[in-house]
Amino acid sequence: MHEALLVLEDGTSFRGQGFGADGTAFGEVVFNTGMSGYQEVLTDPSYHRQLVTMTYPHQGNYGITDADAESSRVQVGGFIVREQARRHSNWRAERSLDDELRAYGAVGISEIDTRRLTRHIRSAGAMRAAISTEVLDVDALVERVRASQGTEGWNGAEEVSAPEAYDFPAEAGRGEARFRVVAYDFGIKRNILRLLAAHGCDVTVVPALTPADEVLAREPDGVFLSNGPGDPAAVRNGIAAIKDVLAAEVPLFGICLGHQLLGLAAGAKSYKMVFGHRGINQPVHNTEREAVEITSHNHGFAIDAETLPSDGPFGRVSQTHVNLNDHVNEGLRLHDVPAFSVQYHPEAAPGPHDARYLFQQFCDLMTAKGNA
Amino acid sequence: MPKRTDINSILILGSGPIVIGQACEFDYSGAQACKVLRREGYRVILVNSNPATIMTDPEFADATYVEPLTPEMVAKVIAKEKPDALLPTLGGQTGLNVAMALHQRGTLDEHGVQLIGASTHAIDLAEDRKHFAAAMREIGLDTAASTEANSVEQALAFADTHGFPLLVRSSFTLGGAGSGVAHSLEQFKRMVAEGIAASPIGEVQIDESLLGWKEYELEVMRDRADNCVVICSIENLDAMGVHTGDSVTVAPAQTLSDVEYQDMRDAAFAIMRKVGVETGGSNVQFAVDPATGRQVVIEMNPRVSRSSALASKATGFPIAKIAALLAVGYTLDEIPNDITRETMAAFEPTIDYVVTKIPRFTFEKFPGADPELTTRMKSVGEVMAIGRTFKESLGKALRSMENGTLGLTGAEDPRDDEALAQALRVPHDGRVLAADAALTRGWGVERVAELTGYDPWFVDQMLQVVELREKVRALGSPAALDAATLRQAKRCGLGDGALARVLGSTEGDVRARRLELGVVPVFKTVDTCAAEFAAQTPYHYSTYEEETEVAPSDRERVIILGSGPNRIGQGIEFDYCCVHAVYALRDAGYETVMVNCNPETVSTDYDTADRLYFEPLTLEDVLEVVDAERAASGREPGLLVQLGGQTPLKLARDLEAAGCRILGTLPEAIDRAEDRGRFGAILDELGIPQPPGGMAGSFDEAMAVAERIGFPVLVRPNYVLGGRAMEIVYTPEQMRVWLEANAAEGTVLVDKFLEGAVEVDVDAVYDGQELYAGGIMEHIEEAGIHSGDSACVIPPYTLGRSQQLRLRDYTEAIAAALGTRGPINIQYAIKDDVIFVIEANPRASRTMPFVSKVTGVPLAKIAARVMAGATLAELRAEGWVPDRDTVLGPPLAHIAVKEAVLPFNRFPGVDTRLGPEMRSTGEVMGIDADFGVAFAKSQAGTGTMVLPAKGTVFASIANRDKRAMLFPIKRLAEMGFTIVATEGTAEALQHAGVAAETVRKFSEGGPNIVDRITAGEIDLVLNTPMGSGPRSDGYEIRTASVVAGIPCITTMSGIMAAIQGIEALRSDTISVRSLQDWHAAQDAGGVKS
Ligand SMILES: Nc1ncnc2c1ncn2[C@@H]1O[C@H](COP(=O)(O)OP(=O)(O)O)[C@@H](O)[C@H]1O
Ligand SMILES: Nc1ncnc2c1ncn2[C@@H]1O[C@H](COP(=O)(O)OP(=O)(O)O)[C@@H](O)[C@H]1O
Ligand SMILES: [Mg+2]
Ligand SMILES: [Mg+2]
């Protein structure tokens, strides 16, 4: 056990025990309120370079299981917990949380008052911070935090996107594939691919910078826009490409960052939230089905519903989902071209399965287009 | 969807008396529902036979019927009130069963009453284990292989194919009654027979054994738009095989990956939809194979439950309240979350702490009961504790138990390794401490987990505490403690008391050192959302971290200390008094602060007091709350310690010594009443008689006293509540035996036992100048049967006016002499017109709620105000107190009987003979203008002593009573009852011209009375004891009656009352009337309540 220090750019500091890798990790400090699903969180590319604190005190209880990973590696820069399990226990477990963080160079800090940290972020907002096992002097570390890169204007998608295209074939045993889908990888989670495949989609995953003509050249039945880290406004090529796809009227489905990019392409504006939504208990009101979905969230930016154009470059855009707690926009639909998206994570992982119907909705949209 | 306007009046069923498996969690749930439905403008009609509940306070419903929860009686209420709807999901199994019966009898249709909250179809599907299992298969969910059987033969067939162990459970019973695990053929046969007997439909369910699997519960809710949410997940520390009610349970689930948890969530919703619970909350139980993760559905309860109450307290999400709103048509997204106010109830609470619940048992009261924990619930109460880690919450829960447990202290365990291993293998109360001992012996996580079936994660958490504790032990003394180690120890949940034990020091020294090192807790908030939103409701728990959340405010505050876990001798009645104190003081402008650790209660509802601290009731934890309140207000808070029973009373002296401001009667005065020597002196001074007696430290001393006062004598250890280990001793030999059994107890009290005396309870409030006599209760059973176990009557039904006035004078004199400021309860025994004082309790009493229900005068509220400094005169001016009290004022127009409910059906083989040791778990009330009717109602309310209107009576009467019995039994014969009796009794009857058939005693062998009872040929047993203990005839008769579920009356006075009750039943004039009507008729003199 060795000491570790967490400081925020406003000078707030916490001393605790280091675990995982040694070193210093810089990034935006955010909190996640899920009581389970730490492994999915750690490996979700949308958390790339962030310092994530879990509000639930015990983390690592059921270990790490390869099958539950949402990408090929731990993505967070650092992990902040009240207590990490000294001994994990679950029939599926393969490794410990501690080992996993160390293996990917993620710095962990435990034994701190994570509720105090959460309350601070709630009022002061998500901000730059650092965890260190080397620099244990508060002022020195704060200095370096203030010099570090923030998320506003940061194009995180390019950093995490796959270097080149690859295929993710439709799930076997479901008859022959019904749809050809190209998925833009801005930091895509595996469970999205699993669910597309399970719905009979042959998916080709392409890098974030892939121009639209290359995508359209593959004559896809539909195009998918993935989740990912960073400021949507900074993903210029992505937005440009989406405009071309919309112009070609190829069915589009976006999740999280993909949702924000679709919104921007359709003429809406995005903004940075104070501390965002991160958890698996967020109530989303589906205004079309008049139902509430309990959903998985991970976003610090959002689309401003006020700015959804009634007559934008691609016609009318309307809000389909809204967060019941704070009325933040959670979904949109274009009426004049076949495109829709949600801000939250219907693929869950971690979280409830309430919103899986959206993958079917995407398939229906592609079918309709095919028959048209 | 807005609320329904097509219904205006709603009938709510309570759960009746507190019994094992159904405790005050249903008062908490029901009270919430009544409150919110009235607020919504519905006319609320309530039926609940339990007078000690908050929900039966007249202001909680428009019409409150304290009547038996039987289909017959509720039907009368329906006929009278014609409610539009019946909400059956708040009264536990009792409520559901009555609702189903009313449906089957066509009562609901006849009066056009619609069930809301759960359809009969859904109830059927969920409650009938066979239909349920089939339904689960239909939706592709796994259940344990099972079959149902109506005969032992059928059962054997299943055993042949599946082998042992097998699980036997009887259909339509609660708390696992008539259930268990059979490891052998003989066991199996016996259980099947018992289970069939216990089942109202004569059926048992036999299941494949999942012993040792992990057990989980999900509390789920659904609204009529089909929105479903999980409120809380609960993981049992004890593996499958121990009833969840008897298991140590933890929220949230600790060892499920998100993948597994989400599968379980999907399954829970699928079950709710399949069963057809359209609105409301349900409890779904799962078993998980630790080796493969296979998930199996155990059962679902389509109603609020013990677990839903726990989940509400654990998360801050009020399940019962929301369920009530959903039942009248709201949807989750229309109901605000009252903790955050800004968000809606349509979400899933997420918590940032760990909650641990530990059940509380009282096996010591039931010699002969089997203490092994099985699928059949045996606990009588529970504690809950909140900490930021499992270690911390476990430690806090252990020290909340009030059974001497300080926590994981690694106390020297005398058992050898084999005995210890057995203690880990066999589930029983205190197994966690056995695990502590094993870990302290270095057995290691794997071995302890293997033996106990606890998940290794939990065992490792315990080991972490053990390791740190040994580090502390090595330091040797508090002085050697450094801040870092001490802080770590506190974060592991080790209390000052536990550390003192470990360091061979005192709690005071540890506390002093802790304060010296500045190691103090902070208070965090239960907010349903892990701090994502600001909480408006101050519901706090302590932990050793950095930031405290108690909001400053400078109003004058009063801290009310609750009564801790329910147990026999201290139950819901004391919580009722605490809650009333909160209401009264809040109305009087004080800021009220509640401290308690019992999740079942109304007092721990976050919207009862202005601030709730869910904390153990130990000196350490209470002092920390007082410090926090002082710091937040800059004022010295006042403490109420006389309302929560013995629990806070025990702390009074130390709190005062620590500088706390105790309100009302001071510890000094309390001691004057409790110290026999000092109290005796006061009585002598006042010239008030008390039974002659003395203290004794040895057999010889005891005999000396006995010789002086003459046998029989009543012996007991000094300082007891609920009459623990109290016994009536008739001979020197009995004296020797008892002293040997209670050697550990030190000095004992030996009193003249007043035979055949009438016992009386008086509840009053004294303000320093004036006494308000709230009520005089005359017991039906004579003195010698604990006041908590005997039926009692208001107003007294045989006492003359002069006696009542004398009782009032005595009470006033004693209250004054003790220096009482607040409530006082005095017990008297009247023999040959001499009034003896048995004891005085200058605190709230078990009978206070009963008195208030009967008289309509809120005694507990008045007491609280007086303790806070008001005079009775002032309260009279405010309209709280009538001009004249119940003795001096106009006589009551009605008569009420309180009857005790005993848990013998839970403890087969235990002698049901009543005595000076209290054993009842709850009480019911019968009220009417006529004594016989009131008594019959009270018996019907118990559910176990229901009087027959015709049939066969068996009598076996002790010689001393043979004279007294002749007339009443003659009367029974005249009413057409067939009389059978044991030889002596039969002869006596025949001489008196009563035709009585003679039956063999059990001891006479051959076909005897026990066979007749078991065969169901007897409807009423009259048996005044001649001997006790196993093998005596009386014992066999009484236990047989319990198993057969027929009333067994063991005192002459009880028999007399029963006759009047039976006469009332036969005249069939029994009608129902609401408390509001009774009180209006009485016109309590324009008194508020
Ligand atoms: N098949 C089984 N094997 C082992 N234990 C079981 C099995 N089914 C139930 N149990 C245990 O019995 C307890 C009571 O069973 P349950 O179905 O919940 O009845 P109740 O209605 O009394 O709660 C459960 O909490 C569980 O621990
Ligand atoms: N001297 C006595 N003669 C007859 N019965 C007695 C006597 N003293 C106590 N009892 C019986 O024992 C019961 C318990 O005694 P009590 O002093 O009230 O103890 P507790 O504190 O448990 O209430 C009483 O309710 C009464 O029925
Ligand atoms: Mg159960
Ligand atoms: Mg008493």
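Any value given below was found using the heavy atoms of this structure, including those in side chains, with hydrogens, waters and symmetry copies removed.
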Identify the two heavy atoms, one from [X] and one from [Y], that lie closest to each other, and give their separation to 0.1 Å.
| X | Y | answer |
| --- | --- | --- |
| A:Tyr56 | B:Tyr353 | CE1-O, 3.5 Å |
| B:Ala531 | A:Thr118 | CB-CG2, 4.1 Å |
| A:Met35 | B:Thr350 | CG-OG1, 3.3 Å |
| B:Ala346 | A:Val292 | CB-CG1, 4.0 Å |

Just wondering, do [Y] and [X] contact through their side chains at under 4.5 Å, heavy atoms?
| X | Y | value |
| --- | --- | --- |
| B:Glu532 | A:Thr55 | no |
| A:Arg82 | B:Asp352 | no |
| B:Glu547 | A:His120 | no |
| A:Ile280 | B:Gln262 | yes |

Under the side-chain contact (heavy atoms from CB on, under 4.5 Å) criterion, do B:Arg491 and A:Glu83 qualify, and how do the steps go? CA-CA 11 Å; B:Arg491 280 158 78 92; A:Glu83 176 170 322; over 6 Å; no
Between the side chain of A:Asn61 and the main-chain N/O of B:Thr255, is any donor-acceptor distance below 3.5 Å? no
side-chain contact (heavy atoms from CB on, under 4.5 Å) for A:Gln39 and B:Asp258? Distances and angles first, verdict last. CA-CA 9 Å; A:Gln39 185 185 354; B:Asp258 188 64; over 6 Å; no
Would you call [X]-[Y] a salt bridge at under 4.0 Å N-O?
| X | Y | result |
| --- | --- | --- |
| A:Arg115 | B:Asp527 | yes |
| A:Glu111 | B:Arg487 | no |
| A:Arg289 | B:Asp226 | no |
| A:Arg86 | B:Glu467 | yes |
| B:Glu260 | A:Arg92 | no |

Side chain from CB out, backbone as N, CA, C, O: work out which of these in [X] comes under 4.5 Å of a heavy atom of chain B, or both, or neither.
| X | value |
| --- | --- |
| A:Tyr38 | neither |
| A:His353 | both |
| A:Arg87 | both |

Could you have a look at A:Asp354, A:Ile121, A:Ile294, A:Thr33 and say which one has the most heavy-atom pairs with chain B under 4.5 angstrom? A:Ile294
Flag if over 12 foreign heavy atoms under 6.0 Å of CD, B:Glu450: no
What residue, out of B:Phe533, B:Trp457, B:Phe458, has the most heavy-atom pairs lying under 4.5 Å from chain A? B:Trp457
What part of B:Val522 lies closer than 4.5 angstrom to a heavy atom of chain A: side chain, backbone, both or neither? neither
Would you please say whether a donor-acceptor pair under 3.5 Å links the side chains of A:Ser89 and B:Asp455? yes
